[in-house]
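The structure displayed is predicted, hence computed values, not measured ones. Just so we're on the same page: letters track the sequence lines, and every chain starts at 1. Every heavy atom of this structure was used, including side-chain atoms; hydrogens, water molecules and symmetry mates were not.
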Protein chains: 2
Amino acid sequence: MSIVVRTLSDRVFEVVREQILKGRLRNGEPIRQDALATELGISKIPLREALARLEQEGLLINHPNRGYYVQAMSREQVDEIYALRLSIEPQAAAYASSVATDDDRAVAMRAFGALDTAAHSNLADVAVRNREFHIALVEPGRRPLTTQLVERLEVLAERYVIAHLEPAGRDARAHIEHQALFNAWLERDKRKVEKLLKEHIQGTLKDLRAQLKAPD
Amino acid sequence: MSIVVRTLSDRVFEVVREQILKGRLRNGEPIRQDALATELGISKIPLREALARLEQEGLLINHPNRGYYVQAMSREQVDEIYALRLSIEPQAAAYASSVATDDDRAVAMRAFGALDTAAHSNLADVAVRNREFHIALVEPGRRPLTTQLVERLEVLAERYVIAHLEPAGRDARAHIEHQALFNAWLERDKRKVEKLLKEHIQGTLKDLRAQLKAPD
DNA sequence: TCGGGTATGATCGTCTACGGTATTCCATCT
DNA sequence: AGATGGAATACCGTAGACGATCATACCCGA
């Protein structure tokens with residue numbers, strides 16, 4: 001009963017996604033299918049399947065007969081992503097905290113630890129750990145659509161975090177917030193989880209907005 | 001500047017989606033790729049792309065090396081879908097009502113009319129009109145992710161509505177609710193839109209729950 | 001010099017054909 | 001009965017070809 005059976009297009013989906021997140025495939029840039037396929041050592045069918053799914057996720061956009069492009073980032077999208085996260089995630093994490101099994105809690109603990117120890121490596125890795133931590137807080141709710149949605153929003157948000165939040169300072173604050181949030185989650189204090197997560201998301205949004213206003 | 005340029009896989013995506021919604025492809029049933037492709041008169045490349053996207057949407061599920069299956073319906077999923085809709089849609093429609101242009105309002109008006117006149121045709125058509133009406137209430141917010149998400153949830157919900165809400169009685173009530181909701185929307189009464197839409201969604205959920213408890 | 005039309009090249013979207021491989025199912029054997 | 005083995009089925013991925021379409025550079029005429 002192992003789930004290690006995965007299709008090629010499944011794995012390519014993740015590989016390309018991470019490449020987009022890490023900025024390896026840049027903003028408004030076109031995806032050259034033949035080039036990318038040979039670079040990945042695969043044929044175009046699994047690649048195109050992965051690209052189609054990434055478009056569905058909102059990371060790519062397809063212009064018929066012109067190909068896939070990395071979805072451009074914009075201030076409006078930041079606002080939209082975070083508005084959606086605020087509508088979904090605090091509630092979902094609060095509920096999950098109340099029904100998490102011991103296994104779930106152990107998984108979340110590990111995710112928290114991984115985020116902790118990764119805190120001083122490069123930003124892209126931290127971002128991945130951060131994503132996994134946030135998902136681990138929601139997953140125990142056994143609501144697949146919700147979890148998937150949270151993951152998707154997290155992924156979309158990650159692009160902006162990686163691109164704009166290099167500055168330190170955020171690290172320390174986020175760490176403190178994560179700690180408090182996770183404590184409340186372990187104590188199954190739904191109200192507190194909801195409140196803290198809401199504040200945490202708002203805090204990140206505020207940082208992002210500040211960064212987005214200044215440069216360029 | 002017409003946007004009628006669409007790829008084959010794009011159109012197939014919609015065709016197959018509607019077939020799933022209308023129950024033409026049944027619940028836990030496998031999708032025979034070759035058969036479906038020849039039936040649609042296309043090759044497997046665009047079909048597989050469409051299927052990959054439909055999996056991302058939550059209508060299909062892929063078992064590696066065994067193929068795609070129509071995602072089974074379940075009571076838990078109903079609850080989840082409607083919980084998400086309640087978290088997103090009322091707010092989104094309320095906001096959209098406040099920023100809708102005259103064009104947007106005309107579009108919404110047409111969608112309302114179409115739903116109205118279709119009210120006595122078969123349920124599947126009504127469901128499509130219903131979806132389009134709900135989207136038209138949200139679209140003017142110009143928040144692409146939100147709109148796409150609302151559409152997705154609407155699509156997922158539609159399966160259950162089509163499968164379980166054949167009984168009349170719902171028609172009349174839904175019509176009244178739509179009327180009141182649409183009036184508030186046209187008046188840009190955000191609070192009222194939010195309240196009425198929330199009640200409307202809850203009402204549908206209640207009907208669905210009643211139907212799901214009884215049979216089988 | 002500049003604008004518009006055209007040729008050209010690159011890339012996409014789709015098709016066809018083929019082979020490997022995983023799964024399923026059934027018959028056979030112990 | 002249960003295990004083994006093999007055939008059938010369908011999926012997964014590769015390879016190559018081709019027309020359609022878009023972008024660019026070029027050319028020509030005013």
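For A/F182, the side-chain contact (heavy atoms from CB on, under 4.5 Å) partners are A/A108, A/M109, A/F112, A/F133, A/L137, A/W185, A/L186, not counting sequence neighbours. When the side-chain contact (heavy atoms from CB on, under 4.5 Å) test is applied to B/D34, no partner is found at least two apart in sequence or on another chain.
Side-chain contact, A/H178 with A/D116: no donor N or O sits under 3.5 Å from an acceptor N or O. For the residue pair B/Y160 and B/Q77, a side-chain donor N or O sits within less than 3.5 Å of a side-chain acceptor on the partner. Between the side chains of B/D207 and B/T204, no donor-acceptor pair is found at a separation under 3.5 Å.
Rounded to an integer number of Å, the gap from A/I31 CD1 to C/dG13 P is 12 Å. Residue B/R11 contributes atom CZ, which lies 13 Å from atom P of C/dG13 at whole-angstrom precision. C/dC15 atom C1' lies 15 Å from atom CG of B/L40, rounded to whole Å. At whole-Å resolution of the value, CZ in B/F13 and P in C/dG13 are 16 Å apart. The interatomic distance linking B/D34 (CG) with D/dT9 (P) rounds to 13 Å, in whole Å.
Taking a cutoff of 4.0 Å between a charged side-chain nitrogen and a carboxylate oxygen, A/E80 and B/R143 do not qualify as a salt bridge. Between B/R85 and B/E154 there is a salt bridge, with a side-chain nitrogen of the basic residue lying less than 4.0 Å from a carboxylate oxygen of the acidic one.
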For residues 11-19 of chain B, run the donor-acceptor check on the side chains, cut-off 3.5 Å, and write out each pair with its distance to 0.1 Å, sequence neighbours left out.
| unit_1 | atom_1 | unit_2 | atom_2 | d |
| --- | --- | --- | --- | --- |
| B/E14 | OE2 | B/R6 | NH2 | 3.2 |
| B/E18 | OE1 | B/R131 | NH2 | 3.1 |
| B/E18 | OE2 | B/R131 | NH1 | 3.4 |
| B/E18 | OE2 | B/R131 | NH2 | 3.3 |

Validation: residues 57-65 of chain B side-chain donor-acceptor distances under 3.5 Å, sequence neighbours left out:
| unit_1 | atom_1 | unit_2 | atom_2 | d |
| --- | --- | --- | --- | --- |
| B/E57 | OE2 | A/Q56 | NE2 | 3.0 |

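Note on B/N62: a side-chain N or O is less than 4.0 Å away from OP1 or OP2 of D/dC12.
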_Within the 4.0 Å limit for protein heavy atoms, which parts of nucleotides 21-26 of chain C are touched? Write it as a string from 5' to 3', B for base, S for sugar-phosphate only, - for none._
-SSS--
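For the pair B/R32 and A/L8, nearest-nucleotide mapping onto DNA chain D gives the more 5' position to B/R32.
Annotation: proximity of residues 41-59 of chain B to DNA chain D (heavy atom, distance under 4.0 Å) is found for B/K44, B/R48, numbered in ascending order.
Of the candidate nucleotides C/dT14, D/dC12, C/dG13, C/dT14 has the atom nearest to the side chain of B/S9.
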